[in-house]
Visitor: 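The structure is given below, and queries will be raised subsequently.
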Amino acid sequence: MAESEGRTGTSEEVAPPVQQCFMVPKKEINVVSDMAKWKRSQAYADYMGFILTLNEGVRGKKLTCEYKVSEPIEKLVALLNTLDRWIDETPPVDQPSRFGNKAFRTWYAKLDQEAEKLVSAVIPKHLADAAPEVAVYLKESVGNSTRIDYGTGHEAAFAAFLCCLCKIGVLRVDDQMAIVFKVFNRYLEVMRKLQKTYRMEPAGSQGVWGLDDFQFLPFIWGSSQLIDHPSLEPRHFVDEKVVNENHKDFMFLECILFITEMKTGPFAEHSNQLWNISAVPSWSKVNQGLIRMYKAECLEKFPVIQHFKFGSLLPIQPVTS
């Protein structure tokens, strides 16, 4: 029954009486004072609603648990596998500077060229007009080809890409767990490979004062997974043994593992914010705190949001109740 409810819930959006007019998303946040428009926008409400819905959907669940995998989910994984294969086909070049390998620009040019085709393979024929709009978010989600950097704004573009696929009815209510565990997790693997292969700079990093150089969402959803866990408490994630034994089940620990692979020295020094979080008594408190921090440090920061693009699916217009 839940599935049919999900379907009716989205079918009205898929086939409205007036044909949806898709548009190529564009920048709307040009000066700091434009941030007020963003916070009042339909886009902000829909984006945050999407993040919180998924946060509830994965609560208390392991990455390895059973969940439904629909055809669009399989197609999205195939899309990400293609991006992964292109990394193998585009090795880093020899260059004097250690960071920001220029081969990333070659890899990115390929995505820029193929993005609409990749998206068209995921969406049904009758929604073909949506491909140019949705593809913009995919292209924005992998980093900046000029600066060869990656950060939470790029990650937000990928969440926006998935949100758009929900809004046009490609992804359904019962895809929630697969969206996080199968698609977003695969996206993270590909991004980590990009970051390592091309030595990408962290975009707008706050250094040790930031949560992580590159990601934020897997910490939110990953802490939700751990809520009410019988034995793992926040204090355990700084324990190497615990991380090694449990990272395949929990996104949060997978993130910690990646940080410890990439950084040297004491954890408390290179990841001070996370070290502080390990002192929080419960995962639900960690989860609530991270959601507040995400809004304050990412979604309400002009340097991050100035790059966000707005179209028909994520409009800048004020929210309609």
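Source: prediction; values computed, not measured. FYI, side chains are in, hydrogens and waters are out, and symmetry mates aren't considered; it's all heavy atoms of this structure.
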Visitor: Centroid-to-centroid, Trp221 to Phe252, below 6.0 Å?
Guide: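 Judged by ring-centre distance (under 6.0 Å), Trp221 and Phe252 do not meet the cut-off.
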Visitor: Are Val304 and Val136 connected into the same hydrophobic cluster when the rule is that any two of I, L, V, M, F, W, Y join if their side-chain heavy atoms are below 4.5 Å apart?
Guide: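 Different clusters: Val136 never reaches Val304 through Ile, Leu, Val, Met, Phe, Trp or Tyr contacts under 4.5 Å.
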Visitor: Quick check: is Val31 connected to Phe310 through a chain of hydrophobic side chains (ILVMFWY, heavy atoms under 4.5 Å apart)?
Guide: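 Phe310 does not cluster with Val31.
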Visitor: Using a 4.5 Å cut-off on heavy atoms from C-beta on, say whether the side chain of Glu133 contacts that of Val24.
Guide: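 No - every pair of side-chain heavy atoms lies 4.5 Å or more apart.
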Visitor: Rounded at 0.5 Å granularity, tell me how far OG in Ser41 sits from CG in Leu314.
Guide: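 Here the rounded value is 8.5 Å.
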Visitor: May I ask you to check whether over 12 heavy atoms, not counting those of Lys27, lie within 6.0 Å of atom NZ?
Guide: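 Counting neighbours around NZ of Lys27, more than 12 heavy atoms of other residues, nucleotides or ligands fall under 6.0 Å, so yes.
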Visitor: Hey, is NZ on Lys37 packed in by over 12 heavy atoms from elsewhere, all under 6.0 Å?
Guide: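 Check passes, neighbour count above 12.
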Visitor: Run the salt bridge (Lys or Arg N to Asp or Glu O under 4.0 Å) check on Lys75 and Glu71 step by step: do they pass?
Guide: CA-CA 6 Å; Lys75 287 177 174 174; Glu71 194 184 347; 3.5 Å; yes
Visitor: State, with a plain yes or no, whether a side-chain heavy atom of Gln176 is found less than 4.5 Å away from one of Val58.
Guide: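 When only atoms from C-beta onward are counted, Val58 and Gln176 do not touch, as no gap falls below 4.5 Å.
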Visitor: Assess whether atom NZ of Lys193 is packed by more than 12 heavy atoms of other residues, nucleotides or ligands within 6.0 Å.
Guide: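 Count over threshold, so yes.
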Visitor: So Tyr187 and Phe184, would you call those rings parallel, tilted or perpendicular, with 30° and 60° as cut-offs?
Guide: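 Taking Phe184 first and then Tyr187, their aromatic rings sit tilted (interplane angle of 30° to 60°).
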Visitor: With side chains defined as the heavy atoms from C-beta onward, is the minimum distance between Pro202 and Asp149 less than 4.5 Å?
Guide: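 They are not in contact (no side-chain heavy atoms under 4.5 Å apart), so the answer is no.
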Visitor: Identify the heavy atoms of Leu79 and Val119 that sit nearest to each other, and give their distance.
Guide: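 That closest heavy-atom pairing would be CD1-N, 4.4 Å.
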Visitor: For the pair Ile148 and Arg105, evaluate side chain to side chain contact (heavy atoms under 4.5 Å, CB included) and give the outcome as yes or no after the intermediate values.
Guide: CA-CA 8 Å; Ile148 314 181; Arg105 291 180 184 150; 3.9 Å; yes
Visitor: Please work out whether the ring planes of Phe308 and Tyr137 are parallel, tilted or perpendicular, with thresholds of 30° and 60°.
Guide: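 Plane angle between 30° and 60°, so tilted.
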Visitor: List the atom of Val243, the atom of Leu253, and the distance in Å for their closest heavy-atom pair.
Guide: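 Looking at all heavy atoms of both residues, the shortest contact is CG1-O, 3.6 Å.
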Visitor: Measuring only between side-chain heavy atoms, which start at C-beta, is Leu52 closer than 4.5 Å to Ile291?
Guide: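 When only atoms from C-beta onward are counted, Ile291 and Leu52 do touch, with a gap below 4.5 Å.
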Visitor: So do Leu111 and Leu138 actually touch side chain to side chain, heavy atoms under 4.5 Å?
Guide: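 In contact.
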Visitor: With heavy-atom distances below 4.5 Å as the criterion, would you say the side chains of Phe258 and Gln195 are in contact?
Guide: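 They are in contact (side-chain heavy atoms under 4.5 Å apart), so the answer is yes.
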Visitor: Has Asp175 got a side-chain atom pairing as donor or acceptor with Leu171's backbone, closer than 3.5 angstrom?
Guide: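 Judged by distance alone, no pair lies under 3.5 Å.
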Visitor: Apply side chain to side chain contact (heavy atoms under 4.5 Å, CB included) to the pair Phe267 and Thr260, showing each step before the final yes or no.
Guide: CA-CA 8 Å; Phe267 192 87; Thr260 53; 4.1 Å; yes
Visitor: So, Glu189 and Arg186, do they make that salt bridge, N to O below 4.0 Å?
Guide: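 Looking at Arg186 together with Glu189, the answer is yes, because their closest N to O distance falls below 4.0 Å.
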Visitor: Can you confirm whether Lys110 sits close enough to Thr90 that some side-chain heavy atom of one is under 4.5 Å from a side-chain heavy atom of the other?
Guide: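 Of all side-chain heavy-atom pairs linking Thr90 with Lys110, none is under 4.5 Å.
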Visitor: Any side-chain heavy-atom pair from Gln42 and Thr320 closer than 4.5 angstrom?
Guide: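 In short, these two side chains touch, coming nearer than 4.5 Å.
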Visitor: If you round to the nearest 0.5 Å, how far is CD1 of Ile168 from CG of Leu313?
Guide: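 Here the rounded value is 6.5 Å.
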Visitor: Specify the closest pair of heavy atoms between Pro234 and Ser282, including all atoms of both residues, with the distance to one decimal.
Guide: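 Smallest interatomic distance, heavy atoms only, reads CG-C, 3.7 Å.
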Visitor: Is any side-chain N of the basic residue among Arg147 and Glu201 closer than 4.0 Å to the acidic one's carboxylate O?
Guide: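 Salt bridge: no.
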Visitor: For residues Phe99 and Met200: do they belong to one hydrophobic cluster (side chain heavy atoms under 4.5 Å, members Ile, Leu, Val, Met, Phe, Trp, Tyr)?
Guide: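 Different clusters: Phe99 never reaches Met200 through Ile, Leu, Val, Met, Phe, Trp or Tyr contacts under 4.5 Å.
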Visitor: Is it the case that more than 12 heavy atoms not belonging to Glu66 sit under 6.0 Å from its CD atom?
Guide: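 No - once you tally the heavy atoms of other residues, nucleotides and ligands closer than 6.0 Å, there are 12 at most.
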Visitor: On a heavy-atom basis, which atom in Ser141 and which in Tyr150 lie closest, and how many Å separate them?
Guide: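 Looks like O-CE1, 3.5 Å.
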Visitor: In Å and rounded to the nearest 0.5 Å, what is the CE to CG distance from Met48 to Asn55?
Guide: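 It is 8.5 Å, given to the nearest 0.5 Å.
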Visitor: If you take the centroid of each ring, where Trp contributes its six-membered ring, are Tyr47 and Tyr44 closer together than 6.0 Å?
Guide: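 Here the rings of Tyr47 and Tyr44 have centres that are no less than 6.0 Å from each other.
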Visitor: Quick check on the hydrophobic clustering: are Met262 and Ile259 connected, directly or via other members, by side-chain heavy-atom contacts under 4.5 Å?
Guide: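 In one cluster with Met262: Ile259, no.
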Visitor: Would Met23 end up clustered with Ile123 when hydrophobic side chains under 4.5 Å apart are linked, directly or stepwise?
Guide: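 Different clusters.
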Visitor: Atom CD1 in Ile51, atom NZ in Lys295: separation rounded to 0.5 Å?
Guide: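 The distance works out to 11.0 Å.
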Visitor: Check Trp38 against Ile29 and note the closest heavy-atom contact, atom names and distance.
Guide: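 The pair with the smallest heavy-atom distance is CB-CD1, 3.6 Å.
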Visitor: What orientation do His229 and Phe250 show, parallel under 30°, tilted 30 to 60°, or perpendicular over 60°?
Guide: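 Perpendicular, since the angle between the ring planes exceeds 60°.
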Visitor: Under the 3.5 angstrom rule, does the side chain of Asn185 hit a backbone N or O of Leu63 as a donor-acceptor pair?
Guide: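 Flag not set: sc Asn185 to bb Leu63 has no pair under 3.5 Å.
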Visitor: Quick check: does any side chain N or O of Asn246 sit under 3.5 Å from a backbone N or O of Val242, one acting as donor and the other as acceptor?
Guide: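 Side chain of Asn246 to backbone of Val242: a pair is present.
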Visitor: Restricting to non-hydrogen atoms, name the atom on Val280 and the atom on Lys285 that form the minimum distance, rounded to 0.1 Å.
Guide: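 So the minimum-distance heavy-atom pair works out to CG1-CB, 3.5 Å.
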Visitor: So, Thr197 side chain and Leu194 main chain: donor-acceptor pair closer than 3.5 Å or not?
Guide: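 Checked: no pair found.
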Visitor: Please step through side chain to side chain contact (heavy atoms under 4.5 Å, CB included) for the pair Phe237 and Ser278, ending with a clear verdict.
Guide: CA-CA 7 Å; Phe237 76 74; Ser278 71; 3.7 Å; yes
Visitor: Would you say the side chains of Gln215 and Glu155 form a donor-acceptor pair under 3.5 Å?
Guide: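 Checked: Gln215/Glu155 side chains pair up, N/O donor to acceptor below 3.5 Å.
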Visitor: Verify the neighbour count for atom CD of Glu240: are there more than 12 heavy atoms of other residues, nucleotides or ligands below 6.0 Å?
Guide: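 Atom CD in Glu240 is not crowded, with 12 or fewer foreign heavy atoms closer than 6.0 Å.
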Visitor: Are a donor atom and an acceptor atom from the side chains of Glu56 and Ser224 found within less than 3.5 Å of each other?
Guide: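 Note: Glu56 and Ser224 side chains miss the donor-acceptor criterion.
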Visitor: More than 12 heavy atoms of other residues, nucleotides or ligands under 6.0 Å from CG of Asp94: yes or no?
Guide: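 No - once you tally the heavy atoms of other residues, nucleotides and ligands closer than 6.0 Å, there are 12 at most.
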Visitor: Could you tell me whether a side-chain N or O of Lys61 sits under 3.5 Å from a main-chain N or O of Gln225, the two making a donor and an acceptor?
Guide: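 Answer holds: no.
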Visitor: Give the intermediate values and the outcome of side chain to side chain contact (heavy atoms under 4.5 Å, CB included) for residues Lys263 and Asp213.
Guide: CA-CA 11 Å; Lys263 297 195 168 184; Asp213 281 342; 3.1 Å; yes
Visitor: By the definition side-chain hydrogen bond (donor to acceptor under 3.5 Å, both in side chains), identify the one residue from His307, Lys309, His154 that meets it with Glu140.
Guide: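 Only one option passes, and that is Lys309.
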Visitor: Any chance you could lay out the salt bridge (Lys or Arg N to Asp or Glu O under 4.0 Å) test for Glu74 and Lys182, step after step, and finish with the verdict?
Guide: CA-CA 9 Å; Glu74 295 281 17; Lys182 207 151 181 70; 5.5 Å; no
